Number of protein chains: 2
Amino acid sequence: MTEHASGPGVRAERKERTRQKLLDATLHLVTTRSLASVSLREVARDAGIVPTAFYRHFDSMDALGVELVDECMRPLRQMTRNARRGTSSRGDIIAGTVEILGRQVREHPAQFQFLTRERYGGVAAVRRAIAMELRLFTSELSVDLARLTAGADWSSEDLEMAADLMVAAMLNTVLQLLELDRRHSEDEQRLLSASERQLRLIALGMASWRSS
Amino acid sequence: MTEHASGPGVRAERKERTRQKLLDATLHLVTTRSLASVSLREVARDAGIVPTAFYRHFDSMDALGVELVDECMRPLRQMTRNARRGTSSRGDIIAGTVEILGRQVREHPAQFQFLTRERYGGVAAVRRAIAMELRLFTSELSVDLARLTAGADWSSEDLEMAADLMVAAMLNTVLQLLELDRRHSEDEQRLLSASERQLRLIALGMASWRSS
DNA sequence: TATTTCGGTGTACGCCCGTTCACTGACTAG
DNA sequence: CTAGTCAGTGAACGGGCGTACACCGAAATA
């Protein structure tokens, strides 16, 4: 229970490290193929352990997949936090959001690849986990929109509708960014510019919207 | 070469029938899992033939997948044709489009399920085939938008951007429709109503857009 | 120091897979 | 009537899979 002088939880630390290796190996494998086609043995091999040792960390590949969703959601959560912070500092929310989106995708391509690929992939548990996170994301955005449209008579249903559209647009952008080849930053800029204009188009629509 | 009196291509007809059985069996299997996790033997079993006979019809499961994309695109193509025809007859394009979209998804759920699930699934060839069809769809829509915005100074790039946003919104609706449980027509109506308002929001934005 | 805990090992099992090959027999064509 | 075509058969192969089991040795505990 209490930590010893010589090694404070050396074992636990090693365990956590190989656990992370399993997650990393899976994430790497999933950038090419779908999770359903990745085998337990393959993951164990890439992580440098024997297949049976896999069970010391996860009950099954499905369970690992669900944990991986959580891990991959972290950059996305950070993204929304950054976007919110950016809101208060500068005037143009949209430009800031799109810029952050582009950077996050550039810095964590594998995570986004995994999330978008498995969003409608074969493993039901993983699909459900992603759907839950995404619903949370949309509802948070609709709260933000409520703040921005204060005064206009927006129903909560319409706010949800607009937030859903914005999230769909951004996810579409993410998918297109991931399809891009590496080191074609000009294409990336063109895509991000289009994304910004899409969000601006929606904002323009919202400005002249009357909740019926 | 010439057709005989007794049986005009009985053999070819039988072949076509089992070929169709293979495609149908795959489509049915793919509603639950992803294509990458469906085996050749499984498909052959469900189609009622021995595994080796599979090769009389397709080179591999990947090849079958590409053909399946083509087959599943037929209802979608018909949908756009219907939407276009509806355009000329009545005033409200959006309501008509959404209604047709809802009906098509209701009538061909497995096809849409396959297309959306495999759009970013594991099989590269299938992914490419779907992406190509979808790009065609978007560019056709941008042509329609060019006709509708004649007079306003829309650049072709912005037209593409708007069409892309609309397609993303509609695909998002399709995904949500497919997630719905059966026989909850109230939920379906709510979803289609939200989709209609999304498109209307975009149209509203376009009305006050100035291509910069 | 003696004992327990536990992450990782190695073997072994039965199963399903894709693909090969030689074959059969109904339809086709001359 | 005869020869040829070809969709479908059935046995067999080598290989990867998930998983059970007994085991090891270093870290943790007492």
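Owing to the predicted nature of the structure, the values given are computational and were not obtained by experimental measurement. A note on names: the letters A, B, ... follow the listed sequences, proteins ahead of strands, and every chain is numbered from 1.
A side-chain donor from one of Gln176(A) and Asp164(B) sits under 3.5 Å from a side-chain acceptor of the other. Side-chain contact of Arg135(B) with Ser139(B): a donor-acceptor pair under 3.5 Å is absent, judged by distance alone.
At a cut-off of 3.5 angstrom, the base of dG8(D) holds at least one donor-acceptor pair with the side chain of Arg56(B).
If you measure from atom CG of Asp62(B) to atom P of dG18(C), you get 11 Å, rounded to the nearest angstrom. Residue Gln20(B) contributes atom CD, which lies 16 Å from atom P of dA7(D) at whole-angstrom precision. Summarising the geometry, the separation between CZ on Phe54(A) and P on dA20(D) is reported as 13 Å, rounded to the nearest angstrom. Separating the CD atom of Glu13(A) from the C1' atom of dG7(C) is a distance of 14 Å, rounded to the nearest angstrom. Regarding Leu40(A), its CG atom lies at a distance of 14 Å from the C1' atom of dG8(C), rounded to whole Å. Rounded to an integer number of Å, the gap from CZ of Arg17(B) to C1' of dC27(C) is 14 Å.
Listed candidates were dT9(C), dC27(C), dG8(D). Nearest to the side chain of Val10(B) is dC27(C). Residue Glu42(A) places its side chain closer to dC17(D) than to any other of dG10(D), dC17(D), dC27(C). Checking dC6(D), dG10(C), dT20(C) against the side-chain heavy atoms of Thr52(A) singles out dG10(C) as nearest. Closest approach to the Ile49(A) side chain among dT9(D), dT9(C), dG8(D) is made by dT9(C) (side chain taken as heavy atoms from C-beta onward). Distance from the side chain of Arg41(A) is smallest to dC17(D) among dT9(C), dC17(D), dT9(D). With dG10(D), dT5(D), dC17(C) as the candidates, the nucleotide lying closest to the side chain of Ser39(B) is dC17(C). Closest to the side chain of Tyr55(B), out of dG18(D), dT28(C), dG18(C), is dG18(C).
Here Arg17(B) does not pair with Asp24(B) in a salt bridge; the nearest charged N to carboxylate O distance is not below 4.0 Å. Salt bridge annotation for Arg103(A)-Glu99(A): present, with a cationic side-chain nitrogen under 4.0 angstrom from a carboxylate oxygen.
The phosphate of dC17(C) has OP1 or OP2 within less than 4.0 Å of a side-chain N or O from Arg45(B). The phosphate of dG8(C) (OP1 or OP2) has a side-chain N or O of Thr18(A) nearer than 4.0 angstrom.
A heavy-atom distance below 4.5 Å is found between the side chains of Arg81(A) and Gln78(A).
Of the two residues near DNA chain C, Arg11(B) and Met61(B), the one whose nearest nucleotide lies more 5' is Met61(B).
Among the atoms of the strands shown, none is found under 4.0 Å from any heavy atom of Arg19(B).
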